[in-house]
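Scroll down for the structure; my scribbles are underneath it.
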Amino acid sequence: MSFPHRHLLGIEHLSPDDITTILDLAETYVDLNRQSAKHADVLSGLTQINMFFENSTRTQASFEIAGKRLGADVMNMAMQASSVKKGETLIDTALTLNAMHPDLLVVRHPHSGAVDLLAQKVNCAVLNAGDGQHEHPTQALLDALTIRRAKGRLHRLNVAICGDIAHSRVARSNIFLLGKMENRIRLIGPPTLMPSEIDQFGVEVFEDMGEGLKDVDVVMMLRLQKERMDGGFIPSEREYFHRYGLDARKLKLAKPDAIVMHPGPMNRGVEIDGTLADDIHRSVIQEQVEMGVAVRMAVMQLLAANLATLRETA
Ligand code: NCD
């Protein structure tokens, strides 16, 4: 298994082979996670620190469970209660933790680029758990694994990514990943929620759900990221749901076997109809959460193996 990376900071710099390596290894963990005894010891003796400077439910829980199942000592830093509150900078905090010799540092931060910066200052492997509007690589990888399992392949699919693209690191990482694997990507949403650099993405853009959803294999809905908006992006939530919310009627435009995805947390009745989100015949939202643990186990195993080699040769 070759995975020539020290950190996982984004999808942008991964190759299609890197992506396949992660997904293939993750498959073995899907099986392990379904057994009653879920332990492997590939991270035994290693220390994993989770630093979440932004709220998170599923991503933090998923990284914690993944580390524990692989035998690492996992510590969750309560960033709200830490010295960050007292004005310590991100880098000072990272250097302090670095002095305790962690092996894996999992970081979520509200500013794009903050995790890359931190990775330059520490001598462990850094995993980006979401930085601002930039990237959320493990989310795109777990989405890819979910799609590959549901569709039997991860290429030549028509994938619609819908809603608040502009503020979404999930969308950016998915655009990189699905593009590298040669899928056709459509972005659907109001012009106010499209990123300015859209021309560089090699995607088709639609303002109308009716046109955009036609014959797609995968419909990926995104949360309206209200915390990243300073007003004026959408008329009202009711109007937004009417035009861009996914419900059974709009889904009929997609292929009959199209799957529905959402990274969570969902705003039911805003970007997605609650009944559709819970429909196990169409929605793979719970599978996405399940795949998240397996993908994070795989990535941490690959990075830990590289770290061991780097330290031997140092
Ligand atoms: C996403 C995130 O934090 O970027 N959630 C997640 O990690 N599951 C998406 C979101 O917050 O809308």
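The model shown is predicted, which means the values in this text are computed figures rather than measured ones. Numbering of ligands and ligand atoms starts at 1, following listing order.
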*asked:* Any heavy atom of Glu54 closer to ligand 1 than 4.0 angstrom?
replied: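 False for this residue.
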With a cut-off of 4.0 Å, which atoms of ligand 1 are near a heavy atom of [X]?
{"X": "Gln139", "value": "6 (C), 7 (O), 8 (N)"}
{"X": "Arg108", "value": "2 (C), 3 (O), 7 (O)"}
{"X": "Arg58", "value": "8 (N)"}
{"X": "Thr59", "value": "6 (C), 7 (O), 8 (N)"}

Minimum heavy-atom distance [X]-[Y], with the two atoms named:
{"X": "Gly130", "Y": "His136", "result": "N-ND1, 4.1 Å"}
{"X": "Ala258", "Y": "Ala254", "result": "CB-CB, 3.7 Å"}
{"X": "Ile198", "Y": "Met194", "result": "CD1-SD, 3.4 Å"}

*salt bridge (Lys or Arg N to Asp or Glu O under 4.0 Å) contacts touching residues 286-304 (sequence neighbours left out)*: Arg34-Glu290
Would you indicate which of [options] comes nearest to [atom] when only heavy atoms are counted?
{"atom": "atom 5 (N) of ligand 1", "options": "Gly292, Ser168, Gly264, Ser173", "answer": "Gly264"}
{"atom": "atom 3 (O) of ligand 1", "options": "Arg169, Lys226, Glu271, His136", "answer": "Arg169"}
{"atom": "atom 10 (C) of ligand 1", "options": "Gln133, Arg223, Glu135, Met221", "answer": "Arg223"}

*Do ligand 1 and Val170 have nitrogen or oxygen atoms that lie under 3.5 Å from each other?*
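In fact, backbone or side chain, Val170 has no N or O that close.
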*asked:* Any carboxylate oxygen within less than 4.0 angstrom of a Lys/Arg side-chain nitrogen, looking at Glu12 and Lys180?
replied: no
*So, His262 versus Glu271: side-chain donor-acceptor pair below 3.5 Å or not?*
yes
*How far is atom 8 (N) of ligand 1 from its nearest protein heavy atom, and which residue and atom is that?*
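For atom 8 (N) of ligand 1, the nearest protein heavy atom is Pro263 O, 3.0 Å.
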*Test log, rule side chain to side chain donor-acceptor pair (under 3.5 Å), inputs Ser173 and Glu135*: CA-CA 5 Å; Ser173 290; Glu135 281 234 37; 2.6 Å; yes
